[in-house]
Amino acid sequence: MAFCMFLNGTTEDIAQHEEYVLVMAASHPRLYPALAAVWQRFYDDPVITAEEANAIVHELIMLLAANHADRALTQLVVRLLPFFSQSYRTQESIRCTSD
């Protein structure tokens with residue numbers, strides 16, 4: 001399964017083995033409310049607004065700072081940051097599907 005995200009002809013996904021990043025965030029919803037909200041709506045094909053994407057950028061950075069020794073998390077966050085940042089910079093929402 002994958003969580004596929006679409007933004008102006010650009011796609012990104014969170015593979016099944018990468019979903020742990022959302023589980024980590026959901027276990028601390030006060031620290032990572034935007035990421036926890038994505039996890040809560042994971043199977044509902046959510047739309048992530050530009051404002052939510054901006055919050056996600058900052059939450060991913062915070063999550064990475066708290067877990068900096070996790071190489072897989074570092075690679076995932078570095079890959080996802082530009083995608084969510086683009087959403088905020090262009091003020092376009094991200095359409096998501098999960099299978």
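What you are looking at is a predicted structure, and each value in this text was computed from that prediction instead of being measured. All heavy atoms count here, side chains included; hydrogens, waters and symmetry mates do not.
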Under the salt bridge (Lys or Arg N to Asp or Glu O under 4.0 Å) rule, what pairs show up with a residue in residues 72-94, not counting sequence neighbours?
-> Glu12-Arg79, Glu18-Arg79
Pair listing, salt bridge (Lys or Arg N to Asp or Glu O under 4.0 Å) test, anchored in residues 20-34, at least two apart = none
Closest non-hydrogen atom pair between Ala53 and Phe84, with its separation = CB-O, 3.5 Å
Rounded distance [0.5 Å steps], SG in Cys4 versus CG in Asp45 | 9.5 Å
Check salt bridge (charged side-chain N to carboxylate O under 4.0 Å, His left out) between Glu52 and all other residues, then give those that pass, not counting sequence neighbours.
-> Arg41
Derivation and outcome, side-chain contact (heavy atoms from CB on, under 4.5 Å), residues Ile56 and Leu80 | CA-CA 10 Å; Ile56 289 169; Leu80 294 177; over 6 Å; no
Give a yes or no on whether Val47 and Tyr88 share a hydrophobic cluster (residues Ile, Leu, Val, Met, Phe, Trp, Tyr; joining criterion: side-chain heavy atoms under 4.5 Å apart).
-> no
Are Phe6 and Tyr43 in one and the same hydrophobic cluster, where Ile, Leu, Val, Met, Phe, Trp and Tyr link if side-chain heavy atoms are under 4.5 Å apart?
-> no
Roughly how far, to the nearest 0.5 Å, is the OG1 atom of Thr11 from the CD1 atom of Ile94?
-> 11.5 Å
Check: Leu81 main-chain N/O paired with Ser85 side-chain donor or acceptor under 3.5 Å = no
Residue pair Leu7 / Ile48, side-chain heavy-atom distance below 4.5 Å | no
Give every donor-acceptor pair under 3.5 Å between a side-chain atom in residues 62-73 and any protein atom, sequence neighbours left out.
residue, atom, partner, partner atom, Å
Asn67, ND2, Leu63, O, 2.8
Asp70, OD1, Ala72, N, 3.2
Asp70, OD1, Leu73, N, 3.0

Just by distance, do the side chain of Ser98 and the backbone of Phe42 share a donor-acceptor pair under 3.5 Å?
-> yes
So how far is it from Asp13 CG to Met5 CE, rounded to the nearest 0.5 Å?
-> 7.0 Å
Side-chain donor-acceptor contacts of residues 22-29 below 3.5 Å, not counting sequence neighbours, with atom names and distances?
residue, atom, partner, partner atom, Å
Ser27, OG, Met24, O, 2.6

Tyr20-Phe3 co-clustered via ILVMFWY side chain contacts under 4.5 Å = yes
For Ala34 and Ala55 the tightest heavy-atom approach is CB-CB, 3.8 Å
Tell me whether Val78 is reachable from Leu60 by hopping between hydrophobic residues (I, L, V, M, F, W, Y) whose side-chain heavy atoms are closer than 4.5 Å.
-> no
